[in-house]
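A quick note: this is a predicted structure, and the numbers were derived from the prediction, not measured. Positions are given from 1 along the sequence.
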Amino acid sequence: MFIEQGRKGNNSFFLYILTIFLCYSGILSLSLFLLESLSIVESDKNQQLFLSLMPFSVVLVVVFLNVVLLHKRSFASVFNSIDKFRFRRFAIAFIIWMVLMGLVDIIYCFYFHGNYIVNFDHSHFLKLLLISLSLFPIQTLAEEIFFRSYILQGLSNIFRRALFPVLISSILFMLLHLANPENEKFGYGLMIMYYLVSGIFLAVITTLDEGIEQSFGIHTATNIYGAVIVGYEGSALETDSLFSIQNPSGMIMVISTFAVMIFYFIFSKYLFKFQDINYLIHDFKKEDDKLPDLS
């Protein structure tokens, strides 16, 4: 099982603490290095985006080295339980999520009278597109591997059921986003609920589907869409996007995202036929588990 990959090899609690510390200090160190060595123009949104995304590459390097050299298990085990990256799942999740977000914006524009402004500037947009397509997959993969894989699997050494690792990893994911500017714009209560539910949704998909491919695709689509297609002032991804929403409603955005999550979960369950939701409370340490074909 995917979540039990963390019980293989050397699963000392100290190694998890060391990895978390190295990831945090590595991101901070690379951020400071880039600030000091590059001539960053504060008003250039593309440079600011590059500066915010590039340090996440440290997480991938740290987790890779620690999993292979210290935990003594294959790096493929952080992706799924079959040691083969399922690109079809990633691609389908990415495309469907992009389409669903586009439909949400169309509905918001015509039925809720959202005020959308065209921002297209080819000189800025091409740079934005290049940065987004190259660095957002790194950033989202780093977060997915860290929260929906490394932490989730590590907690399997403490808990007998998947529900608790799902909840704890999701709370940690929510805490990471407390500094985002959306919290000030829309209110901490609403956004804390949004980040927590989003984390739980991605962790549940990962656990039931025995791998991070779908959550990776959804997370990547969310960030690329918000940076390249439709943005708004006060967003954590404030860029020179194609469109921007003037005075968006945080409540409508959150409710519509939750509706998309429900639709996607039902569709994905039908398409990929992953395990039922009651698997989260099943004792995953039993040896007689019967898993579906996930290839």
Side-chain angles (χ1 to χ4, degrees), residues 1-31 55-83 85 138-179 192 195-216 219 275 279-289 291:
M1 267 182 287
F2 172 73
I3 195 170
E4 287 192 280
Q5 299 296 308
R7 299 173 63 217
K8 296 179 179 179
N10 183 359
N11 49 32
S12 166
F13 180 74
F14 168 76
L15 294 183
Y16 288 95
I17 298 299
L18 175 64
T19 301
I20 293 172
F21 170 76
L22 291 177
C23 286
Y24 174 78
S25 59
I27 287 177
L28 185 60
S29 299
L30 183 54
S31 298
F56 281 91
S57 59
V58 173
V59 175
L60 295 180
V61 174
V62 169
V63 173
F64 170 76
L65 292 176
N66 283 12
V67 166
V68 174
L69 300 180
L70 300 181
H71 288 286
K72 304 295 184 182
R73 59 187 177 100
S74 71
F75 187 60
S77 65
V78 304
F79 289 99
N80 52 50
S81 58
I82 63 174
D83 288 350
F85 185 79
I138 293 175
Q139 178 252 326
T140 54
L141 181 60
E143 288 193 20
E144 291 307 310
I145 283 181
F146 186 80
F147 289 105
R148 250 73 67 180
S149 179
Y150 187 75
I151 295 296
L152 193 70
Q153 291 175 345
L155 290 169
S156 72
N157 293 288
I158 302 175
F159 300 98
R160 294 184 62 87
R161 289 171 173 79
L163 179 62
F164 299 106
V166 164
L167 292 176
I168 293 172
S169 64
S170 300
I171 291 172
L172 294 175
F173 178 75
M174 177 268 293
L175 293 175
L176 176 72
H177 293 82
L178 284 182
I192 285 175
Y195 290 124
L196 180 60
V197 172
S198 297
I200 292 173
F201 168 72
L202 294 175
V204 167
I205 289 285
T206 295
T207 303
L208 299 184
D209 196 38
E210 296 285 339
I212 67 170
E213 292 91 348
Q214 286 195 70
S215 63
F216 178 29
H219 199 164
Q275 300 182 79
Y279 175 71
L280 296 175
I281 58 174
H282 178 69
D283 188 340
F284 57 70
K285 292 188 179 181
K286 289 184 177 179
E287 296 181 355
D288 59 347
D289 286 324
L291 300 179

Heavy-atom check, side chain of [X] versus side chain of [Y], under 4.5 Å:
{"X": "N157", "Y": "Y16", "value": "yes"}
{"X": "F75", "Y": "I145", "value": "yes"}
{"X": "R148", "Y": "F2", "value": "no"}
{"X": "S149", "Y": "T206", "value": "no"}
{"X": "V67", "Y": "R73", "value": "yes"}
{"X": "L30", "Y": "S57", "value": "yes"}
{"X": "V166", "Y": "I3", "value": "no"}
{"X": "N66", "Y": "L15", "value": "no"}

**OP:** Using the side-chain contact (heavy atoms from CB on, under 4.5 Å) rule, pick out the option among L141, V78, N80 that qualifies with I212.
**Re:**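 Of all the options given, the one that passes is L141.
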Original post:
Has the side chain of D209 got a donor or acceptor atom that lies under 3.5 Å from a matching backbone atom of I205?
Top reply: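 Such a contact is absent between D209 side chain and I205 backbone.
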Original post:
Any donor-acceptor pair under 3.5 Å linking the side chain of E143 with the backbone of H219?
Top reply: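 Not a single qualifying donor-acceptor pair exists.
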Would you compute the distance between atom [atom1] of [X] and atom [atom2] of [Y] and round it to the nearest 0.5 angstrom?
{"X": "Q153", "Y": "T207", "atom1": "CD", "atom2": "OG1", "result": "9.5 Å"}
{"X": "L176", "Y": "I171", "atom1": "CG", "atom2": "CD1", "result": "14.0 Å"}
{"X": "C23", "Y": "L28", "atom1": "SG", "atom2": "CG", "result": "13.0 Å"}
{"X": "L152", "Y": "L202", "atom1": "CG", "atom2": "CG", "result": "11.5 Å"}
{"X": "Q275", "Y": "E210", "atom1": "CD", "atom2": "CD", "result": "5.0 Å"}
{"X": "I151", "Y": "I168", "atom1": "CD1", "atom2": "CD1", "result": "10.0 Å"}

Subject >> F173 ring center near F146 ring center (under 6.0 Å) >> reply: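 When the ring centroids of F173 and F146 are compared, they turn out to be at least 6.0 Å apart.
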Original post:
Looking at the rings of H71 and Y150, which for Trp means the six-membered one, are their centres under 6.0 Å apart?
Top reply: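 Under 6.0 Å, so yes.
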Can you name the closest pair of heavy atoms from [X] and [Y] and give their distance?
{"X": "S25", "Y": "L22", "value": "OG-O, 3.3 Å"}
{"X": "P165", "Y": "A162", "value": "CD-O, 3.2 Å"}
{"X": "E144", "Y": "S215", "value": "OE1-OG, 2.8 Å"}
{"X": "I27", "Y": "S31", "value": "O-OG, 2.8 Å"}

Subject >> Worked check of side-chain contact (heavy atoms from CB on, under 4.5 Å) between L18 and L70 >> reply: CA-CA 10 Å; L18 175 64; L70 300 181; 4.0 Å; yes
**OP:** On the 0 to 90° scale, with breaks at 30° and 60°, tag the F79-F85 ring pair as parallel, tilted or perpendicular.
**Re:**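 Perpendicular, since the angle between the ring planes exceeds 60°.
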**OP:** Assess whether atom CZ of F164 is packed by more than 12 heavy atoms of other residues, nucleotides or ligands within 6.0 Å.
**Re:**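 It does not: F164 CZ has 12 such atoms or fewer within range.
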Original post:
Is the count of non-hydrogen atoms from other residues, nucleotides or ligands lying under 6.0 Å from I281 atom CD1 greater than 12?
Top reply: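 No, CD1 of I281 has 12 or fewer neighbouring heavy atoms, counting only those of other groups under 6.0 Å.
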